[in-house]
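Working notes, structure below.
Remember, predicted model here, so these are calculated numbers, not experimental data. Note that ligands are numbered from 1 as they come in the structure, with each ligand's atoms numbered from 1 the same way.
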Amino acid sequence: MTILVTGGAGFIGSNFVLDWLADASTRDERVVNLDALTYAGNLRNLASLQGDARHVFVKGDIGDRALVDRLLAEHQPRAVLHFAAESHVDRSILGPGAFIKTNVEGTFTLLEAARAYWSALEGDAKAAFRFHHVSTDEVYGSLAPDAPAFTETHPYEPNSPYSASKAASDHLVRAWHHTYGMPVLTTNCSNNYGPYHFPEKLIPLMIVNALAGKPLPIYGDGLQVRDWLYVGDHCSAIRTVLAKGRVGETYNIGGWNEKPNREIVHTVCALLDELRPSAEGPYTRLITHVKDRPGHDRRYAIDARKIERELGWRPAETFETGIRKTVRWYLEHADWVADVQSGGYRDWVAANYSAR
Ligand code: NAD
Ligand code: TYD
């Protein structure tokens, strides 16, 4: 059997592909990985799969209908796992166009291609097919400090161009189920962290900047709250929902780990003080407060009881175990960081794949 993954060279997608091909329950199933390799896509994340026939990488855009049609016809996947997106809130503020193009139009094109493919399937193959849409808790908007965490029925109130584009894609997926009967699953997850996280996002940025002796920029007062989930737990939740989730349902995924940004940065500094102390003193000396993000959401929190009650999933990592693993990973992968920062991984892709 085969699955089609979109965005499988990005942070979560590459973790998902690696975990899929390592997990005893899924490792015999091939992965076709469609990724446009934007700035956020990095084939080096998947270097350990080089020469592995279970992984077929295709460089291309989810908005390219002819390409998606061809991949579906050729590989006959039993599921589409849709990770591909523009994903960085700050980039969406500076340039929202790419977010509409990929997250809204791209998802629309992918849905239409999947619908045509699924409609032509028959019998068991048709009944078993799933379109799994990977989304975010940011679609629900911002919570007051004492408000209950987001459940799956919380109203959609997206506040950034990123979250608005993801909310639009969630609505398309929902409508394709309601109108055409497409067998869809949607998951809305909180902030992920872990290996292969692009160092423009909070946690990897803080690790990388601290090690380079650069400022650690905290937006505004740093009291904005996020729920943090180790990426491996997000991947296991997606595998669980794909295997057991009820068609047409939405599942919130979270880590039961609400923390203000300031605490996250202090935790990263403390771990670095322990694991790679600086001669110049504690890393917190590098913390600087900078101008806040426009429209900055104050708090996200996930109520992940539905996925636990219905499907028996809970995160395996606590924040303490997950963040320690993550800091260690960055310390042990300085070459990966240097490559991403220099753009050198693009050269690596050309060197490794141009003749194939
Ligand atoms: P990412 O930015 O690291 O990776 C996105 C990947 O999609 C990249 O490999 C990129 O090359 C690819 N891509 C972008 N546009 C494309 C296009 N038009 N066609 C094909 N490929 C394209 O993002 P991520 O953090 O791995 O997030 C993956 C998914 O999970 C996204 O849908 C995001 O909204 C969702 N999500 C992320 C988080 C988080 O904390 N990072 C939390 C919840 C949900
Ligand atoms: P980010 O990793 O961009 O994720 P998101 O905005 O999707 O939650 O940011 C996480 C939080 O950290 C968010 O509240 C913004 C804040 N932040 C900083 O304070 N400084 C930074 O340099 C960055 C990138 C983020």
So which heavy atom in the protein is nearest atom 27 (O) of ligand 1, and how far is it from that ligand atom? Ile12 CD1, 3.8 Å
Quick one: nearest non-hydrogen protein atom to atom 43 (C) of ligand 1, plus distance? Cys189 O, 3.3 Å
Ligand 1 atoms in contact with Gly60 (distance to a heavy atom under 4.0 Å): 19 (N), 20 (C)
Is the Phe57 ring parallel, tilted or perpendicular to the His55 ring (thresholds 30°, 60°)? tilted
Tell me: protein heavy atom nearest atom 6 (O) of ligand 2, and distance? Arg293 NH1, 2.5 Å
Criterion side chain to side chain donor-acceptor pair (under 3.5 Å) on Glu138 and Tyr300, from CA distance to verdict: CA-CA 7 Å; Glu138 303 194 24; Tyr300 305 139; 3.2 Å; yes
Please check if any side-chain donor atom of Asn257 sits under 3.5 Å from a side-chain acceptor atom of Tyr193, or the reverse. no
Salt-bridged, Glu308 to Arg305, with N to O below 4.0 Å? no
Below 4.0 angstrom from a heavy atom of Gly41, which ligand 1 atoms are there? Numbered from 1 as shown, please. 8 (C), 9 (O), 11 (O)
Using heavy atoms and a 4.0 Å limit, tell me yes or no: is Asp61 in contact with ligand 1? yes
Is a donor on one side and an acceptor on the other found under 3.5 Å between the side chain of Asn15 and the backbone of Val231? no
Taking atom types as modelled, find out whether Lys201 and Ser87 have a side-chain donor-acceptor pair closer than 3.5 angstrom. yes
Would Ser135 count as a contact of ligand 1 if the rule is a heavy atom under 4.0 Å away? yes
Would you mind checking which non-hydrogen protein atom is closest to atom 25 (C) of ligand 2, with the distance to 0.1 Å? Tyr219 CE1, 3.5 Å
Under 4.0 Å, counting heavy atoms only: does Tyr162 come that close to any atom of ligand 1? yes
Ligand 1 contact by Ala9, heavy-atom criterion under 4.0 angstrom: yes
Measure from atom 16 (C) of ligand 1 to every heavy atom in Ala36, Gly8, Gly13 and give the option owning the shortest one. Ala36
Trp336 and His197: which non-hydrogen atoms are nearest, and at how many Å? CH2-O, 3.6 Å
Distance to 0.1 Å, residue and atom name: give those for the protein heavy atom nearest to atom 31 (C) of ligand 1. Phe83 O, 3.1 Å
Measure the distances from the heavy atoms of Ser14 to every atom of ligand 1 and state whether one is below 4.0 angstrom. no
Ligand-residue contact atoms, ligand 1 with Leu37, heavy atoms, under 4.0 Å: 11 (O)
Quick check on Ser190 - does any of its heavy atoms sit under 4.0 Å from an atom of ligand 1? yes
Looking at every heavy atom in both Arg299 and Ala147, which two are closest together, and how far apart are they? NH1-O, 2.9 Å
